Amino acid sequence: MGVFDNGYSFGSEKKEVDEGHVVVDGIDFEEGFVSENKDDLQRRLGNRQIQLLAIGGTIGTALFVSIGGGLNKAGPGGLFLAYALYSIVLGLVNNCIAEMTTLFPVSGGFIRLAGHFVDDALGFMAGWNFYIYEALLIPFEITALCTVLGFWRDDIPLAAVIAFAIVLYAILNVLAVKLYGEAEFWLSGGKVILIFLLFIFTFVVMVGGNPKGDAFGFRYWNNPGAFAQTMGPGMLGRFEGFLGGLWSASFTVVGPEYISMVAAEAKRPRIYIKNAFKTVYWRFGLFFIVGSITVGVLIPYNDPKLEAIIAGTGSGGGTAAASPYVIAMQNLGISGLPHFVNALLVTSIFSAGNTYTYCSTRGLYGLALEGRAPKFLRYCTKGGVPVYCFMVTMIFPCLAFLQLGSGSATVLGWLIALITAGGVINYIVMCITYIFFYRACKAQGIDRASFPYTGKFQPWCGWIGLVWMSLIVCCYGYGAYTPVFDVGTWFSYYTMLILAPILFLGWKLIKRTKLVGAREADMVWERPTLDAYEASFTDEPLGFWVEMLQLVGLGRRKGGNDQRVASISA
């Protein structure tokens, strides 16, 4: 008999509502005592906000700007193969974290899951790796923001832009969770509009709808070719180019970690979060795989403007027009549209930085909850904002001021090298955690089919994801060895990889932690609180498009959506 036979079974859950009481599987929760979480975060994010937040975390600056570097190294064919392959494997990782997060939508997301099911030391390492990774993404986005703003003029006061962005992030993140969610909903909507606009633009111009009347189609796949030769001639050079595209994909293709981190503030996590995870697969295919194709169609991998931007030797508007899409518009003699696209790029980049500010703050809060960060960081405002975590996080955006002395292209290169390894380590942690989670389910006789979401082809997805991501993180800095070993480049690539085992072993030795045995793993954990919370709703959940129609006044419910019988925060 497994632990799910003791009255906490999804298949046998009984919900009754009687005179202000909520009864779940025979447990009576009086009105005013059904909490949203076991901590102070508040569940205020609705379905439409969750779905757009998931997209907002997926579509970042890299898809619009940094992807040009991958095209230059791999060529259009190599870039497409790299992005398709990486998206497929990351889909396997998503299959793992989706099952665990929908069952346990706890504060701290996959960070706390790692500590709970594997080893407290792994949770410590995962938490600090994720925090540093997300916090470094904030200055990356601010630096990219300064780069695309330079499209209009070269004398923009960058210091003022950086300071203004930091202040706006502070306003949107420190007031209330609901304000953040609403702001990110509209900003992420701008990203969706932008990506579809660029896809339509690509199709129109490739069939001849451009000022030159040139129906170039897939010309650049033949001339200069589908595969670039990066460091050597022949097949070896093409393979090295493909690897360059693969490293670009490992930086660009993201998503599951952001859904996991937002789960603790979703109104109905086991419905809204599950739906968000399920949409990851088509988002990978639509945004990243199709995006890699469109970039390879629009410009050749050896475009002079693109190469000048990557080398940092361009001047004037060419340097600022860092997006391959804007370069293509300029090459085709299209006026007006580049300005509109660049304006949407600004909002998209700002939105990405806003998401990273939110996730890094919640990551630090998750560390504090488990005693892996100072206790004072657990404090939350009445609006459910971990304000001290936020204040510590806002130190990192100041790194964007480095570009005032070194140039934006140089700083972007530093940050990309540091960030990429941290992101891949996150996925390695998710796979390890799922393998331990799966073993615990088997050992305790738990039927995974009773979970809100059951991952397919398990545990093979976890093992394949673990092996693949481990190879990526160990090999992606091989460029530091050729043609001559460069110490500075090597450290920029492998700093996060060096830091991870130090964090793990250091915490393990200090705290004398042990691996969690399959039979000892607590498979109940925070489920009673979450079950009671979800059972307290009195209305049916709404779909995404129904909530979208409500924005224009259609189908609104009296009293609002997601009404509950009992809540301590009511």
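Computed from a predicted model, the values in this text were never measured in an experiment.
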Checklist entry - Relative to each other, are the rings of His116 and Trp525 parallel, tilted or perpendicular (30° and 60° limits)? => result parallel

Checklist entry - Do the side-chain N and O atoms of Ser360 and Tyr133 include a donor-acceptor pair separated by under 3.5 angstrom? => result no

Checklist entry - Is the closest basic N to carboxylate O distance between Lys508 and Asp119 below 4.0 Å? => result yes

Checklist entry - Cationic tip of Arg439 within the cone over Phe436's six-membered ring, i.e. under 6.0 Å and within 45° of the normal? => result yes

Next on the checklist: To the closest 0.5 Å, what do you measure between CG (Leu122) and CD1 (Ile428)?
Outcome noted: 10.5 Å

Item to check | ring pair (Phe, Tyr, Trp, His ring centres under 6.0 Å) assessment of Phe140 paired with Phe251 | outcome: CA-CA 12 Å; Phe140 168 80; Phe251 175 71; 5.2 Å; yes

Checklist outcome for this item: OG1 (Thr101) and CZ (Arg270) are apart, to the nearest 0.5 Å, by 11.5 Å

Checklist entry - Among Arg372, Lys514, Lys511, whose side-chain hydrogen bond (donor to acceptor under 3.5 Å, both in side chains) with Asp120 holds? => result Arg372

Next on the checklist: If the condition is side-chain hydrogen bond (donor to acceptor under 3.5 Å, both in side chains), which residues does Thr393 pass it with, not counting sequence neighbours?
Outcome noted: Tyr131

Checklist entry - Between Tyr388 and Tyr379, is the ring centre distance below 6.0 Å? => result yes

Item to check | CA sep, side-chain torsions, deciding dist, call: Tyr86, Phe284, ring pair (Phe, Tyr, Trp, His ring centres under 6.0 Å) | outcome: CA-CA 10 Å; Tyr86 193 85; Phe284 280 174; 8.6 Å; no

Checklist outcome for this item: Sequence neighbours excluded, the answer for side-chain hydrogen bond (donor to acceptor under 3.5 Å, both in side chains) partners of Glu134 is Tyr258

Next on the checklist: Within the supplied structure, the quantity of interest is the number of heavy atoms (other residues, nucleotides, ligands) at a distance under 6.0 Å from Phe457 CZ; does it exceed 12?
Outcome noted: no

Checklist entry - Is Phe504 atom CZ crowded by more than 12 heavy atoms from other residues, nucleotides or ligands, each under 6.0 Å away? => result yes

Checklist entry - Knowing that exactly one of Tyr434, Phe104, Phe110 qualifies, which makes a ring-ring contact (aromatic ring centres under 6.0 Å, His included) with Phe117? => result Phe104

